[in-house]
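To start, the structure itself, in structure tokens.
FYI, the numbering just counts along the sequence from 1.
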Amino acid sequence: ITTKIGVMKSTRLLIALALLLASCTPQDVLESRDGESVTIAYAEPISSYSPLSYEAKNRKYLTNIYEPLVRYDATFNYETGLAVSWGRLDDTTWDFRLRKDVTFHDGSVFDADDVLYSLQIAREQTQSELAALLSTIASIEKTADDRLSITTARPDPLLLNKLTFVYMVPSGYENFDLPVGTGPYRAQKFEDDALVLERFDAYWGPLAYFKEARLKYMPDPEARLAAMLSGEVDVLANVPPQAVSELEAAGISVKDFPSLEVSFLMLNQGTVFANDDLRTAVWYALSNSYVDQFGGGYLLESSQFAARGITGYDPELEQRAMNLDTALIYRGRYSGEVNVSLDMHQGLEVLGNAIKEDLAAIDINVTVNSIEAADYENHFLTGLSDLYFFGWKYDLADSEDFFDTVVHTPSETYGEFNGFGYSNLKLDALMEDAATLLDVTERRLLLEQIASLLLADQTVIPLFESQVLYGLSPELYYDFRLDGQIWASEIVENVVK
């Protein structure tokens with residue numbers, strides 16, 4: 001996926017320092033301190049300190065420094081962040097009361113002006129990756145030093161979900177290379193491929209257990225594994241499935257969680273798959289055993305358009321079942337040869353060949369094309385792929401975003417990632433209704449209805465949901481989260497070993 005409001009506060013000490021040392025990096029500016037430390041290892045590096053970044057790899061680091069108004073708990077329930085309460089005054093107006101006695105890392109006090117400024121730059125700054133996310137916001141008004149209202153252009157049932165991505169910064173803050181938030185840790189330095197954080201002792205909430213947190217970038221899976229086994233690393237994200245047994249044998253706890261990413265096979269209705277019988281033949285020909293063949297046992301079978309734990313997921317939905325006899329009946333209703341291309345991410349050729357083999361059993365000839373990740377999106381959006389592999393991550397913890405962005409007929413505001421020629425005007429109308437429906441129960445039922453109708457068209461075939469694995473030192477306790485973030489401030493000593 002992919003404003004200036006309020007009164008500017010006096011120039012912060014940190015901004016003045018940043019201007020003075022404009023040629024320096026954060027690691028040059030921030031001083032070093034010693035103390036008890038916890039180390040978390042990631043497979044991907046941080047590429048931006050900007051609070052306006054939407055990239056998941058950056059937010060894994062920055063979530064320890066910045067905070068939003070509203071945040072999720074470990075299972076996607078809303079909980080208070082820098083707002084202590086909120087509510088709708090009418091269908092389009094939201095009232096937020098802010099937490100008092102909150103201090104930024106630069107010593108300034110958090111208030112409504114900072115919220116106005118943070119939302120302003122998230123919506124308007126050219127470098128912001130959050131502008132599209134906040135496009136329904138029409139206006140923001142400060143009603144008191146600790147209170148403001150947000151008005152949307154239409155009813156937006158996902159406004160709170162979206163606000164979990166908007167980090168609060170001091171008004172006037174511009175040098176994003178020097179992160180300044182209100183979080184339980186503040187940036188200290190960058191050394192040895194690690195972002196080093198120090199505990200913020202003026203934090204408004206419970207203080208972090210560890211004085212220091214080291215968020216270390218380790219791209220080599222073997223090096224990450226060795227560091228975890230040696231005790232150099234305390235928490236390991238991105239555990240390779242093949243390393244689980246070795247880690248567990250060493251007494252290290254390995255936990256698996258849904259990744260919020262579901263993978264699909266897309267059948268392009270602008271090709272031979274405009275034929276209903278051929279789509280049905282493919283539906284029944286595809287194996288149900290991909291989860292057993294691939295992913296080292298850490299794939300979950302999926303037959304729907306939502307990840308586990310999010311709004312729109314239906315635990316009662318029946319799984320798609322392979323039935324070769326039924327597939328052959330439908331294939332027999334279409335005369336002539338069928339020769340198609342299957343486009344896959346580079347590195348997924350083994351899965352592509354398994355799909356090719358399954359479809360060969362019903363006399364559909366598949367050529368597997370391997371495409372580099374950097375070119376993949378542009379390729380399938382040309383509409384030239386007969387079949388293509390597609391993964392979607394449900395960052396907003398709701399299935400509506402998938403329907404609006406991937407399934408809806410392409411228009412100025414919908415269907416940005418619809419590369420498979422699909423258009424169903426009845427579904428379009430239901431999706432647009434869901435985008436403005438505020439009643440939680442009615443909306444959930446509507447999302448399930450949309451999913452049922454889309455499944456009936458058999459043009460998007462859910463394949464599986466991936467899981468993510470984390471390693472945790474036996475000396476520590478941490479309650480892992482469904483959003484995949486690791487909050488260093490919630491890691492504590494394991495008193496039951």
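- By the salt bridge (charged side-chain N to carboxylate O under 4.0 Å, His left out) test, Asp428 is found to be paired with no residue, residues two or more places apart in sequence or in another chain being considered.
- Within 6.0 Å of atom CD in Glu318, 12 or fewer heavy atoms from other residues, nucleotides or ligands are found, so the atom counts as exposed in its surroundings.
- Rounding to the nearest 0.5 angstrom, the gap separating the CG atom in Leu62 from the OG atom in Ser50 is 8.0 Å.
- Taking the six-membered ring for Trp and thresholds of 30 and 60 degrees, Phe464 and Phe389 have ring planes inclined between 30 and 60 degrees apart.
- The minimum heavy-atom distance linking Val254 with Leu469 is given by the pair CG1-CB, 4.4 Å.
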Hey, mind stepping through Asp398 and Asn161 against side chain to side chain donor-acceptor pair (under 3.5 Å) and telling me if it holds? CA-CA 9 Å; Asp398 191 282; Asn161 306 51; 5.1 Å; no
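- In this pair, Phe390 and Phe402 present their aromatic rings tilted. The plane angle is within the 30 to 60° band.
- Atom CD in Glu67 sits 3.5 Å away from atom OG1 in Thr182 (nearest 0.5 Å).
- Looking at heavy atoms from C-beta onward, Phe176 lies in side-chain contact with Leu52 at the 4.5 angstrom threshold.
- Residues Leu158 and Thr136 form no side-chain contact, since every pair of their non-hydrogen atoms from C-beta on lies 4.5 Å or further apart.
- Proximity of Gln293 to Ser287: side-chain heavy atoms (C-beta onward) are separated by under 4.5 Å at one or more points.
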Please lay out, stage by stage, how Phe420 and Phe264 fare under the test side chain to side chain contact (heavy atoms under 4.5 Å, CB included). CA-CA 12 Å; Phe420 63 114; Phe264 306 92; over 6 Å; no
In sequence, state the C-alpha distance, the side-chain angles, and the governing distance for Asp234 and Glu475, and then conclude on side chain to side chain contact (heavy atoms under 4.5 Å, CB included). CA-CA 8 Å; Asp234 302 298; Glu475 302 299 317; over 6 Å; no
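- Residues Asp156 and Trp94 form no side-chain contact, since every pair of their non-hydrogen atoms from C-beta on lies 4.5 Å or further apart.
- Relative ring orientation between Phe200 and His105 is described as perpendicular, the plane-to-plane angle rising above 60° on a 0-90° scale split at 30° and 60°.
- By the 30° and 60° cut-offs, the orientation of the rings of Phe305 relative to Phe403 is perpendicular.
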Could you check Thr93 against Ser149 for side chain to side chain donor-acceptor pair (under 3.5 Å), going step by step and ending with a plain yes or no? CA-CA 7 Å; Thr93 307; Ser149 65; over 6 Å; no
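- Side-chain contact check for Tyr478 and Asn494: no donor-acceptor pair (N or O, by modelled atom type) lies under 3.5 Å.
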Hey, mind stepping through Thr409 and Asn418 against side chain to side chain contact (heavy atoms under 4.5 Å, CB included) and telling me if it holds? CA-CA 7 Å; Thr409 304; Asn418 182 338; 5.7 Å; no
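- Under the salt bridge (charged side-chain N to carboxylate O under 4.0 Å, His left out) criterion, Glu79 pairs with Arg71, sequence neighbours left out.
- For the atom pair Asp395 CG and Glu261 CD, the distance stands at 9.5 Å (nearest 0.5 Å).
- Under 3.5 Å, the side chains of Ser303 and Gln319 contain a donor-acceptor pair of N or O atoms.
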Apply side chain to side chain contact (heavy atoms under 4.5 Å, CB included) to residues Lys162 and Ile137 and explain how you reach the verdict. CA-CA 11 Å; Lys162 296 169 183 177; Ile137 294 179; over 6 Å; no
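- Rounded to the nearest 0.5 angstrom, Tyr422 OH and Leu427 CG are separated by 4.5 Å.
- Using a 4.0 Å cut-off between a side-chain N of Lys or Arg and a carboxylate O of Asp or Glu, Glu490 and Arg481 do not qualify as a salt bridge.
- Between atom OG1 of residue Thr164 and atom CZ of residue Phe76 there is a gap of 8.5 Å, rounded to the nearest 0.5 Å.
- Enclosure of atom CD in Gln242 by more than 12 non-hydrogen atoms of other residues, nucleotides or ligands within 6.0 angstrom is indicated.
- A salt bridge is defined here as a Lys NZ or Arg NE, NH1 or NH2 lying under 4.0 Å from an Asp or Glu carboxylate O, and Arg59 with Asp483 fails to meet this definition.
- No donor-acceptor contact under 3.5 angstrom links the side chains of Asp106 and Tyr173, judged on distance only.
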Test side chain to side chain donor-acceptor pair (under 3.5 Å) applied to Asp343 and Ser385, step by step: CA-CA 7 Å; Asp343 295 329; Ser385 301; 2.4 Å; yes
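- A donor-acceptor pair under 3.5 Å is formed between the side chain of Asp114 and the backbone N or O of Ser171.
- We find the OH-NE2 distance between Tyr414 and His408 to be 5.5 Å, quoted to the nearest 0.5 Å.
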